[in-house]
Q: 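Take this structure, written in structure tokens, and hold onto it; I'll ask about it next.
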Amino acid sequence: MKLITTIKITEDEFSYQTTNQVFADGGESIICHTETPKTLDKFFVEQATRKLIPMPDNKISKVSLLYQIKPEQTIQPLALIVKNGIIIGYRMHHPEHYKTLEKAKLTRKKKVRAIRQSQEVLERINSQDITYADIKSDNILVDERTGDIIFCDMDNARVRCYPVDIKSRDTMRYYEIYGQMDQTVDAYMHNLLTLQQLGYKDEIPEYYSDIILRLKRGPAPTGFKQTAIPILESMTSPESFNGKYLAKHIKR
């Protein structure tokens, strides 16, 4: 397999990017535009201070593996970025006409397509020994015209022997119960996303914990076939989850 390449940048180039070309400022990184169309550079920061830091070794290993594996319908890393001999981030593909599922305006039909397609992607990357885990509406990019999806933030996934770096509150609870990030966490988190996006007509619940409370209190969410009931009943806690996906049981 071809090894990932490196790109060298100067201090001036780095300073200009992180000052004038910021695309997004997330919990563990700053993502910047580049001079190359349809690419972004991701630089890592210390969460508490927001100080830029060298790219963590776990991230380097995962990005290098993802470059070789090239899982379909995920944001692809293109090269590691080096400044003064130190790896500080990586360059990645940027599909410009996609929006996050959180912000995209989709018909129900296209939203169902996006949800079902995202399950297919998760099952496919599971077969490549990858667990995504942190499944939420701002980590899935969608084409509003078609409902086609792409997963982003792949460097936080479990990739073979390299673990998840940052666990959300929901995935942390799952991890505390099961002691590992296996494929069932993908199904569990994807079901919460499915319920958030399609389960309630009145409003989209902001937090997954709100969905779990609704499942416990009833009534059952709308928009699902009777065959979904055993899955919905098992979703009230990670301990009782039966490991099945809800997406196949959405009403048309």
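One is the number of the first residue; the rest follow in order along the sequence.
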Q: Around atom OH of Tyr98, are there more than 12 heavy atoms of other residues, nucleotides or ligands at under 6.0 Å?
A: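 Result for OH/Tyr98: enclosed.
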Q: Find out if a path of hydrophobic residues (ILVMFWY) with successive side-chain heavy-atom gaps under 4.5 Å connects Ile69 to Tyr132.
A: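 Hydrophobic grouping puts Ile69 with Tyr132.
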Q: For a 4.5 angstrom cut-off between non-hydrogen side-chain atoms, does Thr107 reach Lys111?
A: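 With C-beta onward as the side chain, the pair stays apart.
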Q: Can you tell if the side chain of Leu141 reaches within under 4.5 Å of the side chain of Thr100, non-hydrogen atoms only?
A: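 Yes; the side chains approach each other to less than 4.5 Å.
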Q: Go through the steps for Leu246 and Leu195 under the test side chain to side chain contact (heavy atoms under 4.5 Å, CB included), then give the verdict.
A: CA-CA 8 Å; Leu246 268 176; Leu195 287 164; 3.7 Å; yes
Q: Tell me, with the steps shown, if Val121 and Ile150 meet side chain to side chain contact (heavy atoms under 4.5 Å, CB included).
A: CA-CA 9 Å; Val121 174; Ile150 298 175; over 6 Å; no
Q: Please determine if Asp134 and Lys136 form a salt bridge, counting it only when a charged side-chain N lies under 4.0 Å from a carboxylate O.
A: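 Salt bridge flag = yes for Lys136 with Asp134.
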Q: If you draw a 6.0 Å radius around NZ in Lys110, do more than 12 non-hydrogen atoms from other residues or ligands fall strictly inside?
A: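 Counting neighbours around NZ of Lys110, more than 12 heavy atoms of other residues, nucleotides or ligands fall under 6.0 Å, so yes.
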Q: Taking atom CD of Glu96 as the centre, does the number of heavy atoms from other residues, nucleotides or ligands within less than 6.0 Å exceed 12?
A: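 Result for CD/Glu96: enclosed.
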Q: Give a yes or no answer on whether the side chain of Ser240 reaches the backbone of Ser237 with a donor-acceptor pair at less than 3.5 Å.
A: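 It does hold such a pair.
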Q: Between Gln76 and Leu66, is a side chain to side chain contact (heavy atoms under 4.5 Å, CB included) present by the stated rule, with each step listed?
A: CA-CA 7 Å; Gln76 302 289 322; Leu66 289 167; over 6 Å; no
Q: To check you understand the geometry: which heavy-atom pair defines the closest contact between Arg108 and Gly223, and what is its length?
A: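 It is NH2-O, 3.7 Å.
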Q: Side-chain donor-acceptor pair under 3.5 Å between Gln119 and Glu123, yes or no?
A: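 Glu123 and Gln119 do have a side-chain donor-acceptor pair below 3.5 Å.
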Q: Look at the side chain of Arg158 and the backbone N and O of Arg160, then say whether any donor-acceptor pair between them is shorter than 3.5 Å.
A: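 Such a contact is found between Arg158 side chain and Arg160 backbone.
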Q: Do Val45 and Val63 sit in one hydrophobic cluster, given that two such residues count as connected whenever their side-chain heavy atoms are within less than 4.5 Å of each other, even indirectly?
A: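 No, it is not one cluster - the side chains of Val45 and Val63 are not joined through contacts under 4.5 Å.
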Q: Do any N or O atoms from the side chain of Arg169 and from the backbone of Ser209 form a donor-acceptor pair under 3.5 angstrom?
A: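 No; zero donor-acceptor contacts below 3.5 Å.
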Q: Between atom NE2 of His94 and atom NE2 of His97, what is the distance when rounded to the nearest 0.5 Å?
A: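 Spacing of NE2 (His94) from NE2 (His97) equals 10.5 Å.
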Q: Verify the cluster assignment for Phe14 and Phe44: are they in a single hydrophobic cluster under the rule of side-chain heavy atoms below 4.5 Å apart?
A: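 No: no chain of side-chain contacts under 4.5 Å links Phe14 to Phe44.
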Q: Does Glu206 reach the main-chain N or O of Ile204 with its side chain, forming a donor-acceptor pair under 3.5 Å?
A: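 It does not hold such a pair.
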Q: Between Ile4 and Leu78, which heavy-atom pair has the shortest distance, and what is it?
A: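 Distance-wise, the nearest heavy atoms are CG1-O, 4.2 Å.
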Q: Is NZ or CZ of Lys70 both nearer than 6.0 Å to the six-membered ring centre of Tyr67 and within 45° of the ring axis?
A: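 Judged by the rule (NZ or CZ under 6.0 Å from the ring centre, within 45° of its axis), Lys70 counts as positioned above Tyr67.
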Q: How close do Ile75 and Pro95 get, heavy atom to heavy atom, and via which atoms?
A: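 In terms of heavy atoms, the two residues are closest at CD1-CD, 3.4 Å.
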Q: When you check the gap from the basic side-chain N to the acidic O, do Lys42 and Asp155 get nearer than 4.0 Å?
A: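 Asp155 and Lys42: salt-bridged.
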Q: So does Glu46 have more than 12 non-hydrogen atoms from other groups sitting under 6.0 Å from CD?
A: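 Enclosed.
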Q: Compare every heavy atom of Gly243 with every heavy atom of Ala187, then report the nearest pair and how far apart it is.
A: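 Nearest pair, atom of Ala187 first, then Gly243: CB-O, 3.8 Å.
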Q: Is the closest side-chain heavy-atom distance between Gln197 and Ser137 below 4.5 Å?
A: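 Yes. Closest side-chain heavy atoms under 4.5 Å.
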Q: Check whether NZ of the Lys or CZ of the Arg Lys62 lies under 6.0 Å from the centre of the six-membered ring of Tyr162 and within 45 degrees of that ring's axis.
A: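 No - Lys62 does not lie over the ring of Tyr162 by the 6.0 Å and 45° rule.
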Q: Taking atom CG of Asp170 and atom CD1 of Ile211, what is their separation to the nearest 0.5 Å?
A: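 CD1 of Ile211 is found 9.0 Å from CG of Asp170.
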Q: Counting N and O atoms only, with roles assigned by atom type, does the side chain of Asp210 sit under 3.5 Å from a partner on the main chain of Pro205, one being a donor and the other an acceptor?
A: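 It does not hold such a pair.
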Q: With distance as the sole test, does Ser234 use its side chain to make a donor-acceptor pair with the main-chain N or O of Phe241 at under 3.5 Å?
A: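 No, because the side chain of Ser234 does not come within donor-acceptor range (under 3.5 Å) of the backbone of Phe241.
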Q: Compare every heavy atom of Glu13 with every heavy atom of Lys8, then report the nearest pair and how far apart it is.
A: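 Between these two residues, the closest heavy atoms are O-OE1, 4.3 Å.
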Q: Do Thr34 and Thr39 have side-chain atoms, one donor and one acceptor, less than 3.5 Å apart?
A: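 Side-chain D/A pair, Thr34 to Thr39: present.
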Q: Taking the six-membered ring where the residue is Trp, are the ring centres of His33 and Phe23 under 6.0 Å apart?
A: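 Between His33 and Phe23, the centre distance is under 6.0 Å.
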Q: When you check the gap from the basic side-chain N to the acidic O, do Lys105 and Glu144 get nearer than 4.0 Å?
A: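 Here Lys105 does not pair with Glu144 in a salt bridge, since their nearest N and O are not under 4.0 Å apart.
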Q: Can you hop from Val22 to Ile81 via hydrophobic side chains spaced under 4.5 Å?
A: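 Yes, same cluster.
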Q: Does Tyr175 reach the side chain of Val164, with side-chain heavy atoms less than 4.5 Å apart?
A: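 Side chain of Tyr175 against side chain of Val164, heavy atoms only: no contact under 4.5 Å found.
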Q: How about Phe43 and Tyr90: are their ring centroids closer than 6.0 Å?
A: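 Distance test on ring centres: not under 6.0 Å, no.
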Q: Can you confirm whether Met235 sits close enough to Ile212 that some side-chain heavy atom of one is under 4.5 Å from a side-chain heavy atom of the other?
A: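 They are not in contact (no side-chain heavy atoms under 4.5 Å apart), so the answer is no.
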Q: Show, in sequence, the C-alpha distance, side-chain angles and deciding distance for Glu120 and Gln73, and conclude whether the side-chain hydrogen bond (donor to acceptor under 3.5 Å, both in side chains) test is met.
A: CA-CA 10 Å; Glu120 293 170 2; Gln73 290 181 264; over 6 Å; no
Q: Atom NZ of residue position Lys244 - does it have more than 12 heavy atoms of other residues, nucleotides or ligands inside 6.0 Å?
A: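 No - once you tally the heavy atoms of other residues, nucleotides and ligands closer than 6.0 Å, there are 12 at most.
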Q: Taking C-beta and beyond as the side chain, do Ser64 and Leu3 meet within less than 4.5 Å on heavy atoms?
A: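 With C-beta onward as the side chain, the pair stays apart.
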Q: Assigning hydrophobic clusters by single linkage (Ile, Leu, Val, Met, Phe, Trp, Tyr; side-chain heavy-atom cutoff under 4.5 Å), is Ile130 placed with Ile140?
A: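 Yes, Ile130 connects to Ile140 through the hydrophobic network.
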Q: Answer yes when Lys59 and Glu28 have at least one side-chain N-carboxylate O distance shorter than 4.0 Å, and no when they do not.
A: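 The answer is yes: the pair qualifies as a salt bridge.
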Q: Taking atom types as modelled and ignoring hydrogens, do the side chains of Asp12 and Thr10 form a donor-acceptor contact shorter than 3.5 angstrom?
A: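 No, because no side-chain N or O of Asp12 sits under 3.5 Å from a partner of the opposite role on Thr10.
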Q: Side-chain contact, heavy-atom cut-off 4.5 Å: Leu215 with Leu232?
A: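 They are in contact (side-chain heavy atoms under 4.5 Å apart), so the answer is yes.
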Q: For the side chain of Thr49 and the backbone of Lys51, is there at least one donor-acceptor N/O pair under 3.5 Å apart?
A: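 Yes: the side chain of Thr49 pairs with the backbone of Lys51.
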Q: More than 12 heavy atoms of other residues, nucleotides or ligands under 6.0 Å from CG of Asn20: yes or no?
A: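 Correct, the count exceeds 12.
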Q: Counting N and O atoms only, with roles assigned by atom type, does the side chain of Thr146 sit under 3.5 Å from a partner on the main chain of Asp148, one being a donor and the other an acceptor?
A: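 Side chain of Thr146 to backbone of Asp148: a pair is present.
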Q: Write down the atom of Pro163, the atom of Asn58, and the distance for their closest heavy-atom approach.
A: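 Answer, listing the atom of Pro163 first, then Asn58: O-ND2, 2.9 Å.
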Q: For a quick check under 3.5 Å, do Thr171 and Ser168 share a side-chain donor-acceptor pair by atom type?
A: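 Present: a donor and an acceptor within the cut-off.
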Q: Keeping the roles fixed (side chain from Thr194, backbone from His190), state whether a donor-acceptor pair exists under 3.5 Å.
A: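 It does hold such a pair.
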Q: Would you indicate whether the side-chain heavy atoms of Leu80 and Ile7 approach each other to under 4.5 Å?
A: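 A side-chain contact is absent here, since even the closest heavy-atom pair is not under 4.5 Å.
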Q: Does this structure show an ion pair linking Asp25 with Arg50, if we count only N-O contacts that are shorter than 4.0 Å?
A: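 Here Asp25 pairs with Arg50 in a salt bridge, since their nearest N and O are under 4.0 Å apart.
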Q: Do Met92 and Asp41 pass the side chain to side chain contact (heavy atoms under 4.5 Å, CB included) test, and can you show the C-alpha distance, the side-chain angles, and the key distance before you say yes or no?
A: CA-CA 6 Å; Met92 58 187 169; Asp41 286 350; over 6 Å; no
Q: Is the backbone N or O of Cys152 less than 3.5 Å from a side-chain atom of Asn139, with the two atoms forming a donor-acceptor pair by type?
A: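 No; judged by distance alone, with no hydrogens or angles, the pair does not exist.
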